[in-house]
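Per chain, numbering begins at 1; letters A, B, ... match sequence-line order.
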Amino acid sequence: MGENERTGIFFCINLNGNEDVVDIFKIAKNAEKKPNVSVVWYSSDISLSDTKKFASEIKNLKRLIIAGYKTGTVKSFLTEAMVIAGKNPENILMADFNEYGANTKADTEKAKAVVECAILGVPFEAASVPGETSVCTETLVIGGGIAGIQASLEIANGNQKVYLLERTGTIGGHMAMFDKTFPTLDCAACILTPKMVEVGQHPNIELMTYCEVKSVEGEPGNYKVRILKKAKRVDISRCIACGICSEKCPGKAVSEFDAGTTLRKAIYIPFPQAVPNKYLIDADNCIYVQSGKCGICVKVCMVDSCINLDEKDEEVEITVGNIIVATGFKVFDAKKIERFGYGKFPNVITSLELERLVNAAGPTGGNICFRTRDKKGNWIFSDDNEKPKSFALIHCIGSRDENYNKYCSRVCCMYSLKLAHLIKEKLPDSDVFEYYIDMRAFGKGYEEFYERIKEEGVNIIRGKTAKIEEKNGQLLLRTEDVINDRLIEQKVDMVVLAVGLEPREDTSEMAEMLGISRSDDGWFLEANSICDPVGTYTGGITIAGVCQGPKDIPDTIAQSSEAASHVLKSIINGKIRKSIKDLSYDKIVSNAKEFSK
Amino acid sequence: MSNRVNPDLKKELRKFGEGDWNDCFNCGNCTAICSLTEKDILFPRKEIRAIQMGLKNKLASSVGPWLCYYCGECSETCPRDANPGELMMAVRRYLTKIYDWTGLAGLFYRSKLALFIGFLLVLIAVIAVGYVKGFETEALMEFGHLFEQYVILALFTLIILPNIFHMFWLTIVKQKVKAPVFSYITGFWHLIWNMFTQNRSLKCETGSFRWLEHFLIVIGYLLLLFTTVFLNWFSTENNFIIWLGYIVCGLVFVFTFDFIIDRLRKKREVTKFSHHSDWLFVIWLFLLGLTAFIVRLFVDTNLIDNNLWLYMIHLIVIAQWGILLVPFGKWTHFLYRSFAIYFANLKKSALKREGKL
Ligand SMILES: Cc1cc2nc3c(=O)[nH]c(=O)nc-3n(C[C@H](O)[C@H](O)[C@H](O)COP(=O)(O)OP(=O)(O)OC[C@H]3O[C@@H](n4cnc5c(N)ncnc54)[C@H](O)[C@@H]3O)c2cc1C
Ligand code: SF4
Ligand code: SF4
Ligand code: SF4
Ligand code: SF4
């Protein structure tokens, strides 16, 4: 190659203390040997403030490649240097390792290929097209929230078989807990229940509730999945959901579905509209399972051999071509921030708890009331309690915070506005204060929703509350109103913490089992954040809903439908892409050479 | 009042301390968590905002930074890790520069080289004096005693008083604060009381032991000054004065030693970033106490005549401390802090008079 093809490579060693990264020096050594590479730099050796100096170093180059981690951070510096040196800044090529999923030491070969493609001037995407293979037409969807429900229905309505696997006793996920959804204030159940019923009755959907994935083996198009079917101890083909067993059951536990606002029995149905609409036994809290004594439920049950207290867990294996992961999220644990007093002051509650209180089907029949201690020391909301007269909602709890999660949880601004509206609707005489940092009302109709809530008389104040104390039975908040330069000490009866969204505890375990990656913030990593937000580097595995990153219901539904279309496409073609991550260095480089001819 | 926007303010302030002003997203958490901020004098967010917007006049007129005792609570809880506590520290250094008419305070904060040259010049000067006096103990000690008295007088009239007046000008006169006359008088007792006790820092949750240590150093230092300068400790025969001197010297170097260890450990927010001015301040104060202690010990054991070098070292430390560190270093913070409370109270009385409070 001629003199004017001369290339320089700038390696960004921006590791943030992370040690398990690709071996950049090995890659650089390899690249240095290529005929048209004349120089390599390491970001650690270059002063990013002296553009002129760097410009003089690139005088004789034609092209510049930026390789390594966080390459975007130096692009403007290098562009400026190229311009000063009289070069065309379009001759800067990016070879970012993160972007192509080369994150750990084990990915060194892949990163080497990324750099090699850049040297050859071939887009990595073009050279790294994996081959294809045949596909089994059955699909597994993991997680039965709105994301899993939507994806399952799309595929099932495309006439293909779906296994929908859910860990709890019912599908519905978080959405089933809400009364209304923003920004339209539609009733959540009116949207969700018909879909849940459809799933329950669909001939193409095999619903597996109270189940967990044990292992995933095989390859794209042909995965063998072992599933643990936890014993429900109630035969769902016989149970008529009369509820008499539950009435008499002495075993008690905190109700997960009610976000811990109330207690349920050991034999229970998660909520009245649950799908499947059957009872099940929570072994951890069943007196018979724990100590061998009781069995009241069996005695009162009117259906023959419906309850089998000695039923055992079971394992089954299924074969599927595609897997959609839709495992959702958990909310941030507000106890972690002690200065807000969650867990210490009974009437500092989370948004999820308030969702249950405002829900007509919730523990208080839709009444917002104080939380008090019952005789046994449990904190409960009881309908007989007085109603609070003033409320404060605090945004960004655990989100946008370097001490907890750095990212914005995206839905809490809007759900806080929704909750403020619902409080005003239920208790029109109450005072509602909402403290925010920035109001993120980005979606269609969201800004209008914000305006509407302001007109309803909610006091919306810019400033993050710093601490909450209890004073004379009320809660005292200290906040700076940053727009009006005032320090506000506000007393209210109830504080609602807008807790953020977090990856579930088992996310890393799931990622390992499925062979997919996670991004820095812990969510599952998509193949490309811009043009493939549902694919992964592993063929046949797609991700949908909040498990990929915080999003609201409309976005969840859009993404889930896209995941379904990936699956249907592969089934219609009878072919599926293999995993990009299995492509060897040699294969990618030979593809690239082929391509550049 | 109009404010001129100065886009270089951020860059300038970066020379006075660690931290990135741009990290702050103005949530106000720091102000609301601070136990010392008050309803009408809000900090630290407002100062950070002023810097972000380049409002130099606004910054120069604020007393807030002096009311902060760097407990570090704001830095610990800042969601952006913007280190507001350290930013306040940098603003205090910057304000010292602004108030100082000689320009030396700013120079010494920014340039270690300038400071080094200053230290070197003082050292040479002291040795030269020693030479002129023929390295004779009695003559030198007499010189030292006179020197201390003149330096203190000169410092106060030429540097410290004008600088405090400058501070008054910037924060009160230029801001057109119209406080009732009696508040100037009532506030004065507050001023004296605060100056000695610095008791506002007790409001912070960092603990009263720190405050006690601080208090003992201040008291120890002032008494040391008093015993050496006015009671002529090194030459006195009065037993009471001799013992008093030993005790106050001990207080100074024992507690400053603990402060040095604390800075080395970097455990608390306040000690996470140490500017060279912080180091010099504690180390020189430590040396001051220690060398004075040993000199008097040598006087008492009649060893001083053969060990004049020891007194020379003490004189060098004193001269560097008195000429460079006191007027242009962190020592002035102690005065500015007390006056800031005075001025803050004037502002409050003015607001009260206008019915805004
Ligand atoms: C307080 C609050 C209020 C909100 N209000 C609104 C609103 O008004 N409007 C709106 O658009 N959005 C709102 N949202 C956001 C909304 O909750 C989410 O967008 C939506 O629930 C995402 O659905 P999902 O299916 O991805 O996740 P999820 O609803 O979390 O569902 C995940 C499902 O997967 C199951 N699962 C998890 N792990 C496994 C596993 N390993 N194996 C099997 N199953 C598993 C779970 O049990 C769960 O059923 C709100 C969020 C919160 C916290
Ligand atoms: S056997 Fe278990 S589930 Fe049945 S009634 Fe007793 S405690 Fe409840
Ligand atoms: S959506 Fe709003 S409340 Fe939630 S993290 Fe983002 S800015 Fe904070
Ligand atoms: S310094 Fe930190 S706590 Fe203070 S306003 Fe800025 S971001 Fe908020
Ligand atoms: S360091 Fe402490 S005193 Fe200073 S501003 Fe922060 S919270 Fe207030």
Side-chain angles (χ1 to χ4, degrees), chain A residues 16-17 48-49 73 332 336-341 392 394-409 412-413 433-440 460-469 475-490 495 497-500, chain B residues 1 3 11 14-15 19-20 22-50 52-53 55 58 61-62 64 67 71-86 203-205 269 344 347-348 351 356-357:
Chain A
N16 286 343
L48 291 188
S49 52
T73 54
F332 175 78
K336 284 190 195 159
I337 313 182
E338 276 174 30
R339 59 186 201 276
F340 293 135
I394 310 176
H395 284 215
C396 297
I397 302 294
S399 315
R400 302 185 70 201
D401 191 331
E402 297 280 332
N403 304 308
Y404 307 97
N405 295 316
K406 289 184 199 172
Y407 54 81
C408 163
S409 290
C412 14
C413 276
F433 302 88
E434 199 165 328
Y435 295 99
Y436 71 102
I437 304 178
D438 294 294
M439 192 59 84
R440 306 232 150 138
I460 301 184
I461 300 150
R462 190 180 187 286
K464 176 156 185 172
T465 299
K467 56 181 165 189
I468 299 172
E469 280 157 19
L475 297 157
L476 179 70
L477 282 71
R478 224 170 111 106
T479 320
E480 185 187 9
D481 172 354
V482 298
I483 290 182
N484 300 306
D485 279 341
R486 289 185 303 164
L487 188 69
I488 307 180
E489 292 192 328
Q490 181 76 49
V495 173
L497 303 176
V499 283
Chain B
M1 185 188 64
N3 274 305
K11 274 192 212 151
R14 207 155 285 166
K15 298 180 196 141
D20 191 340
N22 284 343
D23 281 344
C24 164
F25 62 19
N26 280 279
C27 67
N29 180 76
C30 46
T31 305
I33 199 109
C34 178
S35 334
L36 294 173
T37 210
E38 286 173 48
K39 279 210 155 70
D40 30 293
I41 298 175
L42 298 179
F43 60 90
R45 187 199 60 86
K46 275 182 79 176
E47 272 74 17
I48 299 173
R49 187 73 184 147
Q52 287 179 333
M53 315 231 297
L55 304 175
K58 197 161 185 182
S61 70
S62 69
L67 305 183
C71 66
E73 254 196 280
C74 53
S75 292
E76 270 163 40
T77 56
C78 166
R80 293 285 303 142
D81 249 349
N83 270 313
E86 178 61 19
K203 275 200 199 172
C204 299
E205 280 160 22
E269 282 292 335
K347 282 193 175 185
K348 275 189 258 171
L351 282 175
K356 284 196 190 148
L357 220 122

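Within the 4.5 angstrom heavy-atom criterion, only backbone atoms of B/C34 (N, CA, C, O) approach chain A. At a 4.5 Å heavy-atom cutoff, the contact between A/R400 and chain B is made by backbone and side-chain atoms alike. Residue B/L42 touches chain A through its side chain alone, counting heavy-atom pairs closer than 4.5 Å. For B/C30, no part lies near chain A; criterion is any non-hydrogen pair under 4.5 Å.
Atom NZ of B/K11 has 12 or fewer heavy atoms from other residues, nucleotides or ligands within 6.0 Å. Atom CD of B/E38 has more than 12 neighbouring heavy atoms from other residues, nucleotides or ligands inside a 6.0 Å radius.
In this structure, B/D23 CG and A/E402 CD are separated by 7.5 Å, a value rounded to the nearest 0.5 Å.
With chain B as the partner, the residue from A/L487, A/V482, A/T479, A/I488 showing the most heavy-atom pairs under 4.5 Å is A/V482.
The minimum heavy-atom distance linking A/R478 with B/T31 is given by the pair NH2-O, 3.9 Å. Scanning all heavy atoms of the two residues, the minimum distance from B/A32 to A/E480 falls at CB-N, 3.7 Å.
Here A/D401 pairs with A/N403 under the side chain to side chain donor-acceptor pair (under 3.5 Å) rule; sequence neighbours left out. Here A/Y404 pairs with A/F332 under the ring pair (Phe, Tyr, Trp, His ring centres under 6.0 Å) rule; sequence neighbours left out.
A salt bridge links B/K39 with A/E489: at least one charged nitrogen is closer than 4.0 Å to a carboxylate oxygen. Salt-bridge annotation for A/D485 and B/R45: present, with a side-chain N of the basic residue lying under 4.0 Å from a carboxylate O of the acidic one.
The main-chain N or O of B/N26 is found under 3.5 Å from a side-chain atom of A/R462 such that the two form a donor-acceptor pair.
Counting heavy atoms from C-beta outward, B/N29 and A/R339 have side chains that approach closer than 4.5 Å.
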